[in-house]
Each structure stands twice: as structure tokens, then as C-alpha cells.
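In what follows, a structure is listed as C-alpha cells, so that the remarks can point back to it.
Remember, it's 1-based here, ligands and their atoms both numbered in the order they're listed. Because only heavy atoms are used, hydrogens play no part in the values below, and waters and symmetry mates are left out as well, while side chains stay in.
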Amino acid sequence: MDLQCFLCCRVALLLLLMPSGLFCMSVHILNEGPVYIMPDDPLRLEARIEQGPLEKISTVTWEREPESGVGPGKEILASCPGTGLNGSVCAGTRPNVHGNMKNEKTNLQISRYSSTDSGVYAVTVTDHKGVKTTAHCIVRTYEPVHHVTVSINVSHSSLVCGEAWGTDPHFSWLHERMAITQTVGTISKDGTTLIVTMKPFCGHFTCIVSNKLSFSSGSFTAAPCETEGRGMTAAVVCLVILLLIVIGVLAFVLWRRHRHGHRGERLHEHLDDTI
Ligand SMILES: *[C@@H]1O[C@H](CO)[C@@H](O)[C@H](O)[C@H]1NC(C)=O
Ligand SMILES: *[C@@H]1O[C@H](CO)[C@@H](O)[C@H](O)[C@H]1NC(C)=O
């Protein structure tokens with residue numbers, strides 16, 4: 001009896017669940033958002049539509065609206081008729097917008113992206129009964145690197161590199177124009193922080209931030225590294241003194257030779273005169 005009831009319940013549950021599985025259409029945008037596009041590059045979005053056997057796609061529309069919600073509202077970019085397997089071309093509303101629809105896949109293309117094309121893109125599928133299903137994808141302009149700053153966290157003896165709004169920034173560090181070694185410190189995983197372990201904390205630190213479009217750098221200068229600096233100056237001074245001595249000796253030798261030569265000549269002339 002119990003078993004029977006259990007089976008009954010399961011069948012009832014299955015019957016309840018089946019229609020929603022059969023009649024529910026879904027749509028997914030395959031690009032992982034947010035999508036970053038450089039100006040003048042093409043933008044391509046692709047969506048897959050899943051439909052039950054009893055459903056028919058009536059129309060597919062691609063729309064865009066600003067991400068911030070200000071400015072003009074929704075703009076229709078392309079609308080496509082529901083089709084068979086052979087595919088169909090969607091009607092774009094602008095000359096640089098193209099779309100098509102084939103085998104439960106639909107895509108939208110903007111041939112030359114400009115920053116005004118950024119926003120939330122939506123693809124809406126309407127079935128034969130007028131039921132709508134929508135998927136969204138955020139599209140943003142790929143921005144160059146902006147305003148790199150380096151600040152010091154005194155309590156943790158670390159340097160923190162900041163960047164304003166560039167897309168996908170990559171951080172790297174230099175100390176006295178050389179790559180960071182373990183004697184200087186360690187760099188955090190995301191690259192933004194340099195934990196300085198060298199003692200004393202000295203010299204010139206540079207943080208370089210780059211992405212596909214540009215790079216920029218910021219720096220932090222601690223007290224000059226004393227020992228190295230003094231050693232270098234002493235070496236340079238010694239070298240200069242040595243050079244001066246050598247030049248002096250050479251000049252003296254040349255001068256003496258020159259004088260002796262003249263004296264000899266004069267002596268000859270004198271002798272010739274008296275003879
Ligand atoms: C679809 O394409 C195939 C081959 O390309 C063709 O034989 C068929 O007639 C087409 N069907 C429709 C509905 O256009
Ligand atoms: C210094 O770094 C530590 C650890 O990352 C952090 O908790 C602290 O807030 C930082 N201090 C300042 C002044 O930024």
C-alpha cells in the first residue's frame with residue numbers, strides 16, 4: 001500500500017513536471033559577459049534557443065539599452081522571423097548591424113563597434129503563443145589604462161598600485177629599473193601589491209600597468225639606497241682622479257720632449273752661425 005502510494009506520488013509529480021519541460025522555451029547568450037570590444041572591431045553575439053517539441057519560434061529580436069539607464073531607452077537592432085532549418089536573415093535597423101537565425105542559433109553582428117554601442121544587449125524569443133523569453137549580455141568598450149598611482153602602506157611595508165578604469169589591467173613592478181627579486185620583496189597574486197622585505201626600504205619603485213591598448217606607470221621613491229650609492233660615487237671619483245693624473249703625466253712628458261727638441265735645434269743653429 002505504501003509502495004503503491006509512493007509510486008502514485010511519483011507519477012503525479014512527473015505529470016506535473018512534464019508540461020513545464022515540454023512547453024518552456026529558453027534562450028542563452030553564448031558569449032560570456034561582460035564582453036569588452038575595442039572601437040572599430042566587430043561585435044558578435046550568439047544565442048542558442050532551446051525549445052520543446054510542441055513549440056514554434058515566431059520571432060527573435062535583438063535589442064540594446066544603456067547600462068546606466070540614462071539616455072535613450074531600448075533600441076531594436078534586428079528582428080528575425082522564426083524559421084525552419086535553412087536559416088533566415090534578420091532585418092537590421094542600421095546598415096552596420098546584421099543578424100541571422102539558423103538551427104536554433106541566432107547571432108547579431110555590428111561590423112564596426114563604437115563606444116556608443118555599449119550597453120545591455122537583450123535577445124527575446126517569442127513563441128507561437130506570444131510568450132516571450134529573454135537573455136541579456138553586457139557589452140562594454142575596451143578602455144586603455146588610466147592614471148596609475150603607487151601608494152605606500154606603512155604599517156605593512158607594502159606598496160599598492162592603483163589604476164583608474166582601464167580594461168583587464170596587468171601589473172608588474174621594478175626596483176631601480178630591475179625586475180623584483182626575492183631580496184627586494186614579493187608581489188601579490190593579482191599584481192597590485194608589492195610587499196617589500198628588503199631592509200632598509202630604499203630606492204626607486206615603479207609599477208607598470210598594461211592592457212591590450214596601452215600601458216602607463218607610476219612610481220614611489222624611498223630614501224636612496226646608501227651603501228650602493230656611496231660605493232658608486234667613490235669609484236667614479238677615484239676613476240676621474242686617476243684619469244687626471246695620467247693626462248697630467250702625459251702632458252708633462254710631451255712638453256719636456258718638445259722643449260728639448262727646440263733647444264737642440266737652437267744649439268745647432270748657433271754652432272752653424274759661428275762656423
Ligand atoms: C533547405 O535547403 C535544402 C538544401 O540546401 C533544400 O533542398 C530545401 O528545399 C530547403 N528548404 C527550404 C524550406 O527552403
Ligand atoms: C595596509 O594593508 C593591510 C593589509 O592588506 C590593510 O588591512 C590596511 O588597511 C592597509 N592600510 C592602509 C592605510 O591602507
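- Counting protein heavy atoms only, atom 7 (O) of ligand 2 is closest to H156 CE1, 4.6 Å.
- Distance check for atom 14 (O) of ligand 2: a protein heavy atom is found below 4.0 Å.
- A donor and an acceptor atom, one from each side chain of W62 and T124, are nowhere located under 3.5 Å apart.
- Between F205 and F201, the ring planes lie perpendicular to each other; the angle is over 60°, past the 30° to 60° tilted range.
- Ion pairing of R140 with D117 is absent here, as no side-chain N (NZ or NE/NH1/NH2) approaches a carboxylate O to less than 4.0 Å.
- Distance remark: protein heavy atom present below 4.0 angstrom from atom 2 (O) of ligand 2.
- N153 ND2, 4.1 Å is the protein heavy atom nearest to atom 6 (C) of ligand 2.
- A salt bridge is defined here as a Lys NZ or Arg NE, NH1 or NH2 lying under 4.0 Å from an Asp or Glu carboxylate O, and K212 with E143 fails to meet this definition.
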